[in-house]
Amino acid sequence: MKQVYNNLLQAISDNRKLLAVLIDPDKFRIRHTGSFIEKVNDSIATHIFIGGSIVEKGVTEKLVLEIKNHTKLPVVLFPGDENQITNKADAILFLSLISGRNPDYLIGKQVESVSKIKNSSLEVISTGYLLIESGKETAVEKVTNTKPMLRNNIDLICNTVKTGELLGMKLIYLEAGSGAKQPLNHEIISSVKKELKIPLIVGGGIKSKFELENAYNSGADLVVIGTAFENDESFFNELKN
């Protein structure tokens, strides 16, 4: 039964904040899956996202299968390309990079991937994805050949997310990028949240519980943390149930 999105809506209705741990298959050692997921299970995490900018074919599926041996949390694909799509996950964020103007990442890659998705059991969640400047060039910027949106152009950011919503997207994902020097600030998140009637995901640059709480208090419905856990698994100790 496809219920990842409905459960997200219910959590928002219940005023429960959600946390996704992002695992990049290209950087993660599969033999460490058991010990890592044990920490995830003991934390406040509610979802596991799987994806990276560049991942070899077949690696994602092996990782998803191994993760599912150790947790009952929903596993959601956050793919950089069609090679990362596997029917073994629970859902997929069907991303369109609406902050950029490269047609390959607005719709081209999606057309290439749809043959893998349309006959699968994956729950497909259309997602408007916006890359916001973070103080450094990110992998997303390099791979997609697009520039991030400027932090100080909040009107354009808000107009872009509203366009995504009006086009029928079910989620908006604001991203500062993997390894961002600084997370998105209160003004950006709160301004975007005021524009939306759909859930808001925020990720990139969050390295402490204080920054996590700031994202929630600013309006994020679901926060994604990846690099902080890659660099220091002790961060899980701050986020225990």
Side-chain angles (χ1 to χ4, degrees), residues 1-5 7-8 11 17-95 113 116-117 120-125 127 129 138-140 143 171 173 175 177-180 201-209 211-212 222-241:
M1 181 174 169
K2 298 179 179 180
Q3 56 186 3
V4 173
Y5 186 71
N7 287 346
L8 173 55
K17 296 301 185 180
L18 306 175
L19 173 66
V21 175
L22 174 61
I23 300 175
D24 185 340
D26 188 51
K27 299 176 182 177
F28 188 80
R29 295 181 180 179
I30 197 166
R31 66 177 181 271
H32 293 161
T33 303
S35 59
F36 185 83
I37 297 302
E38 183 179 358
K39 293 183 176 70
V40 174
N41 289 335
D42 289 339
S43 76
I44 61 173
T46 57
H47 296 73
I48 296 174
F49 283 8
I50 306 290
S53 296
I54 301 174
V55 179
E56 290 184 15
K57 189 175 182 179
V59 173
T60 300
E61 182 163 305
K62 290 178 182 177
L63 179 57
V64 169
L65 287 170
E66 183 62 21
I67 287 171
K68 282 188 159 289
N69 287 330
H70 300 279
T71 189
K72 294 184 178 179
L73 292 178
V75 177
V76 181
L77 299 178
F78 176 53
D81 57 43
E82 67 276 12
N83 288 329
Q84 298 175 45
I85 297 173
T86 169
N87 196 39
K88 306 302 181 181
D90 298 302
I92 180 172
L93 300 185
F94 199 50
L95 303 167
S113 66
K116 292 185 176 181
I117 293 174
S120 78
S121 60
L122 285 168
E123 179 179 352
V124 181
I125 307 171
T127 304
Y129 182 66
T138 64
V140 175
V143 170
L171 294 175
Y173 193 140
E175 172 76 287
S178 176
I201 301 175
V202 173
I206 295 172
K207 307 179 187 69
S208 68
K209 190 172 183 180
E211 291 174 340
L212 173 64
L222 187 154
V223 173
V224 181
I225 299 179
T227 303
F229 293 128
E230 292 172 8
N231 294 339
D232 182 10
E233 289 187 22
S234 66
F235 186 24
F236 279 114
N237 294 330
E238 297 185 45
L239 304 176
K240 285 187 174 180
N241 277 314

Practice item. Check whether any side-chain heavy atom of His47 lies under 4.5 Å from a side-chain heavy atom of Leu18, and answer yes or no. Key: yes
**Study point:** Considering all heavy atoms, the nearest Ala91-Leu122 contact
**Key:** N-CD2, 3.9 Å
Exercise for review: Report yes if the side chains of Thr71 and Val40 come closer than 4.5 Å at any heavy-atom pair, otherwise no.
Suggested key: no
**Study point:** ring pair (Phe, Tyr, Trp, His ring centres under 6.0 Å) against Tyr129, all qualifying residues, sequence neighbours excluded
**Key:** Phe78, Tyr173
Exercise for review: Locate the shortest heavy-atom distance separating Ser43 from Asn241; write the atom from each residue and the value.
Suggested key: O-ND2, 2.7 Å
Check your understanding: Okay, side chain of Asn41, backbone of His70: is any donor-acceptor separation there less than 3.5 Å?
Key -> yes
Point to revise | Heavy-atom donor-acceptor pair, Asp90 side chain to Val76 backbone, under 3.5 Å | key: no
Revision key, fill the gap. Note: Gly204 and Ala180 closest approach over all heavy atoms is C-CB, 4.1 Å
Review point. Does any non-hydrogen side-chain atom of Leu171 lie less than 4.5 Å from one of Leu8?
Key: yes
**Study point:** From NZ (Lys57) to CD (Glu82), nearest 0.5 Å
**Key:** 9.0 Å
Exercise for review: Could you give me the CA-CA distance, side-chain angles and deciding distance for Leu239 and Phe229, then say whether side-chain contact (heavy atoms from CB on, under 4.5 Å) is met?
Suggested key: CA-CA 11 Å; Leu239 304 176; Phe229 293 128; 3.7 Å; yes
Practice item. Would you check, one step at a time, whether the test side-chain contact (heavy atoms from CB on, under 4.5 Å) holds for Ile37 with Ile23? Key: CA-CA 10 Å; Ile37 297 302; Ile23 300 175; 4.2 Å; yes
Exercise for review: Return yes if some donor-acceptor pair links the side-chain N/O of Lys68 with the main-chain N/O of Glu66 below 3.5 Å, else return no.
Suggested key: no
Point to revise | Shortest non-hydrogen contact from Leu212 toward Ile206 | key: N-CG2, 3.7 Å
Practice item. Indicate the atoms forming the closest heavy-atom contact of Val140 with Ser53, along with that distance. Key: N-OG, 3.9 Å
Exercise for review: Please report the shortest heavy-atom distance between Val4 and Pro74, naming the atom on each side.
Suggested key: CG2-CB, 4.2 Å
**Study point:** Spacing of CD1 belonging to Ile50 relative to CG belonging to Leu93, to within rounding of 0.5 Å
**Key:** 11.5 Å
Review point. Taking atom NZ of Lys88 as the centre, does the number of heavy atoms from other residues, nucleotides or ligands within less than 6.0 Å exceed 12?
Key: no
**Study point:** Under 3.5 Å donor-acceptor, Thr127 side chain and Leu95 backbone
**Key:** no
Revision key, fill the gap. Applying ring pair (Phe, Tyr, Trp, His ring centres under 6.0 Å) to Phe28 and not counting sequence neighbours gives Phe36
Revision key, fill the gap. Distance col, row Phe236:CZ vs Ile44:CD1, nearest 0.5 angstrom, shows 10.5 Å
Review point. Should Asn69 and Thr33 count as side-chain neighbours, where that means a heavy-atom distance under 4.5 Å?
Key: no
Practice item. Would you mind reporting whether Asn83 and Val55 have side-chain heavy atoms less than 4.5 Å apart? Key: no
**Study point:** Side chains of Glu61 and Thr86, donor plus acceptor under 3.5 Å
**Key:** yes
Practice item. Decide side-chain contact (heavy atoms from CB on, under 4.5 Å) for Asp26 and Val59; before the verdict, give the C-alpha distance in whole Å, the side-chain angles of both, and the deciding distance to 0.1 Å. Key: CA-CA 8 Å; Asp26 188 51; Val59 173; over 6 Å; no
Check your understanding: Quick check: does any side chain N or O of Lys39 sit under 3.5 Å from a backbone N or O of Glu233, one acting as donor and the other as acceptor?
Key -> no
Check your understanding: Any side-chain heavy-atom pair from Leu77 and Val64 closer than 4.5 angstrom?
Key -> yes
Review point. Is the count of non-hydrogen atoms from other residues, nucleotides or ligands lying under 6.0 Å from Ile30 atom CD1 greater than 12?
Key: yes
Review point. Atom CG in Leu22, atom OG1 in Thr227: separation rounded to 0.5 Å?
Key: 7.5 Å
Exercise for review: Keeping the roles fixed (side chain from Gln84, backbone from Gly52), state whether a donor-acceptor pair exists under 3.5 Å.
Suggested key: yes
Check your understanding: Do Glu123 side-chain atoms and Gln3 backbone N/O form a donor-acceptor pair below 3.5 Å?
Key -> yes
